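Take a look at the structure set out below.
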Amino acid sequence: DYLRSLHVDYVKIDGSYIRSMVSSSRDAAFVSAIASLCIGINADTIAEMVEKQEEADLLKTMGIKYAQGWLYGKPSPIFAGLEHEEKVA
């Protein structure tokens, strides 16, 4: 109901599904169905907690465009790179 009524641009897929989709065909089917739905409504998808290349490869085959997780880098403060910009006036 939320996807239909809110006209979202992005849908973030919870990391618990991403972590288990390689070993669980049920979770893989769920992630794939969400990806297909999002493609159909023109919403981009973001997968959380991507830690292994195998997960990233599977997500790509499902049409998921964006991912975040330890495979790509450790978490960092949101404003860590902007500190020097605040001093410029």
Side-chain angles (χ1 to χ4, degrees):
D1 286 341
Y2 292 117
L3 292 176
R4 187 169 60 169
S5 63
L6 293 177
H7 304 284
V8 298
D9 295 318
Y10 293 90
V11 172
K12 188 178 246 188
I13 301 172
D14 189 87
S16 63
Y17 294 103
I18 305 307
R19 293 184 83 173
S20 61
M21 71 178 182
V22 173
S23 61
S24 168
S25 60
R26 183 180 178 116
D27 285 346
F30 181 79
V31 173
S32 181
I34 292 291
S36 294
L37 172 65
C38 290
I39 290 168
I41 64 170
N42 201 30
D44 285 325
T45 46
I46 306 165
E48 287 185 316
M49 297 175 68
V50 179
E51 297 181 357
K52 301 174 184 169
Q53 189 61 49
E54 183 180 15
E55 295 164 342
D57 294 342
L58 184 55
L59 292 167
K60 285 179 189 177
T61 67
M62 294 178 180
I64 294 177
K65 289 185 177 181
Y66 302 99
Q68 63 186 86
W70 284 97
L71 180 64
Y72 306 104
K74 68 178 186 168
S76 62
I78 190 167
F79 297 109
L82 301 177
E83 293 169 354
H84 69 280
E85 293 181 21
E86 294 174 9
K87 297 176 185 177
V88 178

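Source: prediction; values computed, not measured.
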Exercise. Can you find a pair of side-chain heavy atoms, one from D14 and one from E48, that are under 4.5 Å apart?
Worked result: yes
Exercise. Do you know which two heavy atoms are closest between T45 and G63, and how far apart they sit?
Worked result: OG1-O, 4.2 Å
For this session: Answer with yes or no whether the hydrophobic clustering places W70 together with Y66; edges join I, L, V, M, F, W, Y residues whose side-chain heavy atoms lie under 4.5 Å apart.
Result: no
Exercise. A56 and Y72: which non-hydrogen atoms are nearest, and at how many Å?
Worked result: CB-OH, 3.5 Å
For this session: Any chance you could measure S36, atom OG, to I64, atom CD1, to the nearest 0.5 Å?
Result: 9.0 Å
Exercise. Any chance CD of E51 has more than 12 other-residue heavy atoms, nucleotides or ligands included, within less than 6.0 Å?
Worked result: yes
Exercise. Say you draw a straight line from CG of L58 to CD1 of I18; how long is it, rounded to the nearest 0.5 Å?
Worked result: 8.5 Å
For this session: Measure the CD1-NE2 distance between I41 and H7 for me, rounded to the nearest 0.5 Å.
Result: 9.5 Å
For this session: Verify the neighbour count for atom CG of N42: are there more than 12 heavy atoms of other residues, nucleotides or ligands below 6.0 Å?
Result: no
Exercise. Minimum heavy-atom separation for A47 to L59, with atom names?
Worked result: CB-CD1, 3.6 Å
Exercise. About how many Å separate OG of S16 and CG of D27, when rounded to the nearest 0.5 Å?
Worked result: 7.5 Å
Problem set entry | Distance-minimising heavy-atom pair for I39 and M62 | CD1-O, 4.1 Å
Exercise. Should E55 and M49 count as side-chain neighbours, where that means a heavy-atom distance under 4.5 Å?
Worked result: no
Seminar exercise, completed: For A28 and M21 the tightest heavy-atom approach is CB-O, 3.4 Å
